[in-house]
Amino acid sequence: MKIAFVGKGGSGKTTLSSLFVRHLAATGASVVAIDADINQHLGAALGLDDAEAAGLPAMGEHLPLIKDHLRGSNKRIASADKMIKTTPPGEGSRLLRVREDNPVYDACARPVELDGGAVRLMVTGPFTDADLGVACYHSKTGAVELCLNHLVDGRDEYVVVDMTAGSDSFASGMFTRFDITFLVAEPTRKGVSVYRQYKEYARDFGVTLKVVGNKVQGQDDLDFLRDQVGDDLLVTVGHSDWVRAMEKGRPPRFELLEETNGRALRTLHTAVDATYELRDWSRYTQQMVHFHLKNAHSWGNERTGDDLAAQVDPGFVLGEEVAAPA
């Protein structure tokens with residue numbers, strides 16, 4: 001199952017995504033955690049010290065390897081250099097699976113030991129001032145999008161992505177790559193503004209969007225969120241001494257997380273699992289193709305010198321039953 005955590009800067013989405021990763025690990029689930037935020041804080045939230053977090057390999061720096069592996073023997077792709085972030089898989093493409101070992105994980109993923117087990121952590125890599133506002137910035141998150149396009153995940157397998165703040169993920173089609181998106185919102189006007197943007201942008205793409213109210217301190221905060229987001233409000237989270245200790249670098253054992261917050265994480269887990277039966281791999285593949293053609297027309301064809309529409313395999317549908325190429 002693919003899960004995105006989004007929200008405005010400072011909403012607590014990285015903290016909540018890290019708590020959800022810890023919760024999943026404690027259940028024994030197979031988990032890949034991906035930090036796709038401009039501010040790379042997921043590693044620290046999962047307990048890495050500054051040196052360990054800084055030493056994580058950047059997906060953006062391994063983009064040629066990622067492209068070469070995913071291309072496989074797909075004859076519709078002339079070379080790895082002709083792949084862009086939205087290139088969809090087709091016959092002969094190599095697909096990624098959560099539980100397998102492969103060159104992409106070898107280069108870009110590192111195990112993180114948690115109380116309940118270990119998860120694979122992948123990061124886009126740190127962003128610099130030179131990245132912002134130019135194509136280079138989106139090429140880093142593009143490595144995540146390309147991997148998600150080629151990912152086949154099943155029941156009880158989880159890919160948790162801490163997305164960049166605000167509505168920037170709508171610069172590409174990555175927002176359609178998830179089974180469910182959790183939007184973390186504080187009970188303020190600014191806190192729900194990103195929700196309104198997401199709701200509007202995602203309206204025509206069948207995106208399952210649920211709001212997690214964070215920093216909720218009383219009935220007035222709860223009433224405000226219910227008034228602003230209606231039935232999209234799934235659960236709320238309040239103050240946590242456990243989180244405060246974690247932010248100081250001294251997290252207690254995860255089993256000591258407050259029961260109310262543990263119950264909120266279980267609610268998220270239930271909501272994620274409920275989307276499994278709603279999966280529509282045909283629609284998912286069609287959306288990949290839609291955004292690929294859009295990107296090809298707007299900038300990809302000019303950049304590569306090829307008609308990237310030719311990369312689309314009209315008979316291919318991504319799904320759990322798709323066999324890996326020999």
Side-chain angles (χ1 to χ4, degrees), residues 1-7 10-35 37 40-53 56 98-99 109-123 153-163 179-186 210-218 221-222 233-276:
M1 310 300 292
K2 294 179 285 292
I3 306 109
F5 280 82
V6 301
S11 64
K13 68 178 181 59
T14 297
T15 297
L16 280 169
S17 60
S18 71
L19 289 175
F20 191 58
V21 168
R22 289 177 185 270
H23 162 79
L24 292 173
T27 69
S30 296
V31 183
V32 176
I34 303 177
D35 192 345
D37 196 358
Q40 301 269 280
H41 294 316
L42 184 58
L46 290 174
L48 301 185
D49 62 30
D50 290 345
E52 290 170 329
L56 292 169
V98 172
R99 290 187 170 101
R110 293 295 180 267
V112 176
E113 298 290 336
L114 300 172
D115 291 347
V119 302
R120 277 175 166 148
L121 175 61
M122 304 172 73
V123 303
D153 54 310
R155 190 190 296 271
D156 299 324
E157 297 177 334
Y158 302 89
V159 179
V160 180
V161 183
D162 181 18
M163 299 281 279
D179 292 289
I180 190 168
T181 295
F182 292 128
L183 191 144
V184 182
E186 299 169 84
K210 293 296 180 182
V211 173
V212 180
N214 194 25
K215 306 176 186 177
V216 174
Q217 298 182 7
D221 287 346
L222 180 59
L233 181 63
L234 177 66
V235 71
T236 63
V237 180
H239 173 78
S240 171
D241 290 332
W242 193 99
V243 169
R244 181 63 60 87
M246 180 269 289
E247 291 174 340
K248 293 176 180 177
R250 301 192 297 269
R253 296 191 313 277
F254 186 65
E255 65 189 39
L256 299 178
L257 181 72
E258 299 86 359
E259 172 56 25
T260 54
N261 291 323
R263 191 162 54 245
L265 295 175
R266 293 192 292 273
T267 298
L268 300 187
H269 195 167
T270 298
V272 169
D273 287 350
T275 65
Y276 182 82

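Note that the coordinates shown come from a computational prediction; the quantities given were computed from them, not determined experimentally. Atoms considered below: every heavy atom in the structure, side chains included; atoms not considered: hydrogens, waters and symmetry mates.
For G262 against L257, the heavy-atom pair with the smallest separation is N-CD2, 3.8 Å. The minimum heavy-atom distance linking E186 with S11 is given by the pair OE2-CA, 3.6 Å. When all heavy atoms are compared, the tightest approach of G47 to E52 is O-OE1, 4.4 Å. Among all heavy-atom pairs drawn from L46 and L114, the shortest one is O-CD2, 3.4 Å. Nearest heavy atom pair, residue V31 against residue A25, reads CG2-N, 4.3 Å. Minimum heavy-atom separation, M1 to T275: CE-OG1, 3.0 Å.
No donor-acceptor distance shorter than 3.5 angstrom exists from the side chain of W242 to the backbone of E258, with no hydrogens or angles considered. Panel note: side chain D115, backbone F254; a donor-acceptor pair is recorded below 3.5 Å.
The side-chain heavy atoms of L222 and L233, taken from C-beta on, include a pair separated by under 4.5 Å. For the pair L42 and D37, the minimum side-chain heavy-atom distance is 4.5 Å or more.
Residue R266 places its CZ atom among more than 12 non-hydrogen atoms of other residues, nucleotides or ligands, all under 6.0 Å distant. Heavy-atom contacts from other residues, nucleotides or ligands closer than 6.0 Å to CD of Q217 number 12 or fewer.
Note that CG of D35 and CD of Q40 are 4.0 Å apart. Values are rounded to the nearest 0.5 Å. The NZ atom of K13 sits 10.5 Å away from atom CG of L183, with the distance rounded to the nearest 0.5 Å. For the atom pair CZ of R99 and CZ of R120, the computed distance is 11.0 Å after rounding to the nearest 0.5 Å. For the atom pair CD (E247) and OG (S18), the distance works out to 8.5 Å, reported to the nearest 0.5 Å. Note that OG1 of T236 is 9.0 Å distant from CG of N261, once rounded to the nearest 0.5 Å. To the nearest 0.5 Å, atom CZ of residue R22 and atom CG of residue L265 are 11.0 Å apart.
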**OP:** List the steps, then state whether side-chain contact (heavy atoms from CB on, under 4.5 Å) holds for V160 with V119.
**Re:** CA-CA 10 Å; V160 180; V119 302; over 6 Å; no
Subject >> Criterion side-chain contact (heavy atoms from CB on, under 4.5 Å) on T15 and M246, from CA distance to verdict >> reply: CA-CA 10 Å; T15 297; M246 180 269 289; 4.2 Å; yes
Original post:
Could you walk me through whether L268 and F182 pass the side-chain contact (heavy atoms from CB on, under 4.5 Å) check?
Top reply: CA-CA 9 Å; L268 300 187; F182 292 128; 3.8 Å; yes
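The aromatic rings of F20 and H269 lie perpendicular to each other, with more than 60° between the two planes, well past the 30° mark.
Under the side-chain hydrogen bond (donor to acceptor under 3.5 Å, both in side chains) criterion, D241 pairs with H239, sequence neighbours left out.
The six-membered or imidazole ring of Y158 lies away from that of H23, with a centre-to-centre distance of 6.0 Å or more.
Partner of L121 under the side chain to side chain contact (heavy atoms under 4.5 Å, CB included) criterion, chosen from L48, I34, V21: L48.
Under a 4.0 Å N-O distance rule, the pair D153/K2 qualifies as a salt bridge.
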